[in-house]
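Beneath this line is the structure, given in structure tokens, with notes to follow.
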Number of protein chains: 2
Amino acid sequence: MASTIRDVARQAGVSISTVSRVLNKTCAVAQDKRERVEKAAVDLGYIPNPNARSLLMKSTGGIGILLPHVSGEFFSEFLTGLDEVAKNNDFFLLISASHDRASEWQSSVQSVYKRVDGLIVMAPQLTPRQLNLVTDVPTVFVNTPVAPRDRQLVDIINFDNLGGTRAATEYLIELGHRKLAYLAGPERAFDARERRIGFVAAMDAAGLEDYTILQAGYVQEAGRAAATTLLAMEDLPTAVVVANDYCALGLASELMASGVRIPEDVSIIGFDNVPSAAFARPSLTTLSVPIREVGMQALEMLISRIRLSDESPGRTVNLPVELVVRESTSTPLAG
Amino acid sequence: MASTIRDVARQAGVSISTVSRVLNKTCAVAQDKRERVEKAAVDLGYIPNPNARSLLMKSTGGIGILLPHVSGEFFSEFLTGLDEVAKNNDFFLLISASHDRASEWQSSVQSVYKRVDGLIVMAPQLTPRQLNLVTDVPTVFVNTPVAPRDRQLVDIINFDNLGGTRAATEYLIELGHRKLAYLAGPERAFDARERRIGFVAAMDAAGLEDYTILQAGYVQEAGRAAATTLLAMEDLPTAVVVANDYCALGLASELMASGVRIPEDVSIIGFDNVPSAAFARPSLTTLSVPIREVGMQALEMLISRIRLSDESPGRTVNLPVELVVRESTSTPLAG
DNA sequence: ACGGGCCGTGAAAACGTTTTCAGGAAAATA
DNA sequence: TATTTTCCTGAAAACGTTTTCACGGCCCGT
């Protein structure tokens with residue numbers, strides 16, 4: 001059914017070598033033969049078989065995107081950034097999500113093997129050791145715990161997770177809050193650990209010891225669950241720093257359902273600045289991660305490395321996160 | 001660097017045929033040789049080259065996902081559903097978005113050619129004629145204007161776009177609204193046209209002629225722009241049906257910024273029921289499309305067709321959408 | 001003891017390209 | 001005109017697999 005280069009050659013009355021040369025403009029071909037080949041190719045609707053091609057050449061034109069999962073606005077924005085750059089550079093995206101569980105990580109890596117020219121990996125929940133599996137292709141790690149020394153030719157983009165929650169906590173302390181709580185993300189995730197450390201660091205620096213840390217997660221339900229835990233305590237904290245916007249949104253929603261006013265009774269700060277954070281009422285004060293731009297930058301770094309066979313030592317970029325003050329925070333008892 | 005089947009064969013002291021047979025369990029091999037091969041494969045970290053493999057066999061283990069774009073919670077949820085089923089069946093996802101502009105559609109199709117075993121296409125903005133480009137592989141169309149007769153072996157999943165907005169409009173009329181407005185989606189999109197027709201149909205059926213239709217879009221900014229247009233009119237409608245949640249959210253936000261109360265002054269209904277719709281204040285009454293489940297079902301249909309080389313005539317599934325009443329709608333002047 | 005089936009194995013063909021190699025014709029130089 | 005260079009072209013090798021084919025040895029029945 002699908003026509004091959006041989007069909008085109010036969011129809012044009014030339015050899016397959018000539019067809020290849022015409023289609024790839026790889027070297028000069030006589031005017032008349034070129035035209036015959038071009039016509040034949042169009043007539044037959046010929047599309048080169050990419051498998052045969054990449055078997056021979058090094059390049060596939062693909063970029064592998066390895067993510068823990070793909071739900072929510074955070075990843076959606078990330079993909080949007082990636083997609084835009086990919087489109088502009090004629091790359092296609094091979095997305096392998098679902099290694100939320102580390103056991104699936106290996107099969108994720110194998111599924112892109114030899115099918116892509118480079119890799120963008122976001123895997124905050126993996127250990128450097130597991131990450132060593134990645135090999136052979138240029139890679140950009142985003143928000144992933146890679147030691148730069150491990151491999152020389154990879155680039156790394158990280159957000160300032162620690163500095164973010166520290167700044168958020170300092171902001172709350174400055175507003176006058178003394179009794180704070182922290183809702184932590186998944187224990188195994190690298191960014192969740194950093195964010196938690198940022199909170200503790202700020203509290204320690206201010207000499208405040210009256211704080212609670214609750215294990216929560218990166219989803220709304222975790223925030224709701226944490227709310228009931230907090231409500232069961234003798235007295236509520238006046239402010240809560242949350243490791244993630246969705247979690248913060250769930251917390252706010254559940255607290256409000258119990259008659260707690262936000263921010264008058266409890267101030268809340270999230271992390272990520274997903275679009276929903278601006279729509280919620282009260283709108284959510286949060287730490288903005290420009291994840292879409294991160295996606296674009298990551299892919300641009302990767303593509304330039306692929307194109308130029310760039311062997312220069314890997315760069316490590318540390319992006320600041322920005323505190324966006326909205327309605328969910330105020331001085332304590334302000335209402 | 002990367003080891004081939006020949007390396008494994010040499011190390012194990014057998015022929016490459018034997019290695020292939022051991023690794024694919026394709027037929028019996030002597031116990032001792034099998035063990036030697038397995039050990040050699042592990043030692044060398046051998047992974048078969050998928051390009052060589054799919055050059056020969058029909059299957060690639062890939063599913064192509066062709067989308068207009070990838071931003072927002074709607075697509076994020078869709079991908080989540082797809083990803084889950086793909087993972088469970090050991091398929092990988094090759095995503096080609098960015099054919100928002102029809103001109104890119106062709107290159108999207110070409111980029112997956114021979115790289116996937118099947119296709120899931122969502123392309124409401126394309127014409128049946130353009131869609132004919134898709135060929136050669138099993139395909140499931142989702143929310144896409146395909147005439148079933150065009151090709152026999154494709155499956156189609158559509159939402160009841162028309163019935164959705166009609167039900168929403170009827171609901172508002174029942175509440176007592178008489179002067180309505182409609183914010184339409186992108187003119188070229190098939191679903192946007194259907195949704196618009198649903199609104200008009202309900203108005204006509206109720207004998208109401210006092211309505212405004214504004215061209216908007218599927219993004220927040222379009223809703224904001226529409227708000228200023230509405231505010232410039234002599235008197236506001238008491239209710240607005242909007243073709244999309246994000247657009248509705250933008251509209252609500254901008255109206256409220258101008259002192260318009262929602263729902264007291266203006267009721268608003270969206271479409272899609274994205275997660276943000278529940279978080280917004282007032283929370284958004286909307287039409288729920290179970291897009292995640294749609295993704296799962298679509299891929300399951302596709303995979304069964306691939307696995308069984310299913311030649312049965314294509315099915316067309318029409319999914320109802322459900323009105324979810326929240327805070328953004330009420331009887332007119334209720335406040 | 002001898003012929004027929006079965007089992008395990010390696011050689012070789014095939015998949016659809018790109019690229020190297022070498023040869024022939026035409027054009028340029030002497 | 002003889003010689004070299006340049007240009008264009010086809011044959012063939014290579015990429016890494018899977019699969020068909022054929023061959024030899026073994027077990028079984030007569």
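Atom set for the values below is all heavy atoms of this structure, side chains included, hydrogens, waters and symmetry mates excluded. Every chain is numbered from 1, with letters handed out A, B, ... down the list of sequences. Given the structure is predicted, the values throughout are model-derived calculations rather than measurements.
- On the nucleic acid side, DNA chain D has its first and last nucleotide under 4.0 Å of a heavy atom of chain A at D/dC8 to D/dG16, going 5' to 3'.
- Under 4.0 Å is where a charged nitrogen must lie from a carboxylate oxygen, and between B/Lys87 and B/Asp83 no such pair does.
- Side chain of B/Asn51 to backbone of A/Lys114: a donor-acceptor contact under 3.5 angstrom is found.
- No option in A/Val14, A/Thr26, A/Ile16 other than A/Thr26 meets the side-chain contact (heavy atoms from CB on, under 4.5 Å) test with A/Arg21.
- Listed by chain and residue number, A/Arg129, A/Gln130 satisfy the side-chain contact (heavy atoms from CB on, under 4.5 Å) test with A/Thr127 (two or more places apart in sequence, or in another chain).
- The closest donor-acceptor contact from the side chain of B/Thr144 to the backbone of B/Val142 lies under 3.5 Å.
- Nucleic acid contact for A/Asn51: none, since no nucleic acid atom lies under 4.0 Å from a heavy atom of the residue.
- Between the side chain of B/Ser76 and the backbone N or O of A/Ser71 there is no donor-acceptor pair closer than 3.5 Å.
- Toward the 5' end of DNA chain C, the nearer of the two residues A/Thr26 and B/Leu56, judged by each one's closest nucleotide, is B/Leu56.
- In this structure, B/Ser20 reaches the bases: a heavy-atom distance under 4.0 Å links it to at least one base atom across the strands shown.
- Contacts between residues 29-41 of chain A and DNA chain C, defined by a heavy-atom separation below 4.0 Å, involve no residue at all.
- The backbone N or O of A/Ser312 sits less than 3.5 Å from a side-chain atom of A/Arg305, completing a donor-acceptor pair.
- At the heavy-atom level, A/Thr4 lies under 4.0 Å from the strands shown only through sugar-phosphate atoms.
- Counting only distance, with no hydrogens or angles, the side chain of B/Asn158 and the backbone of B/Asn143 share a donor-acceptor pair below 3.5 Å.
- Toward the 5′ end of DNA chain D lies the nearest nucleotide of A/Ala28, the other residue of the pair B/Asn49 and A/Ala28 mapping further downstream.
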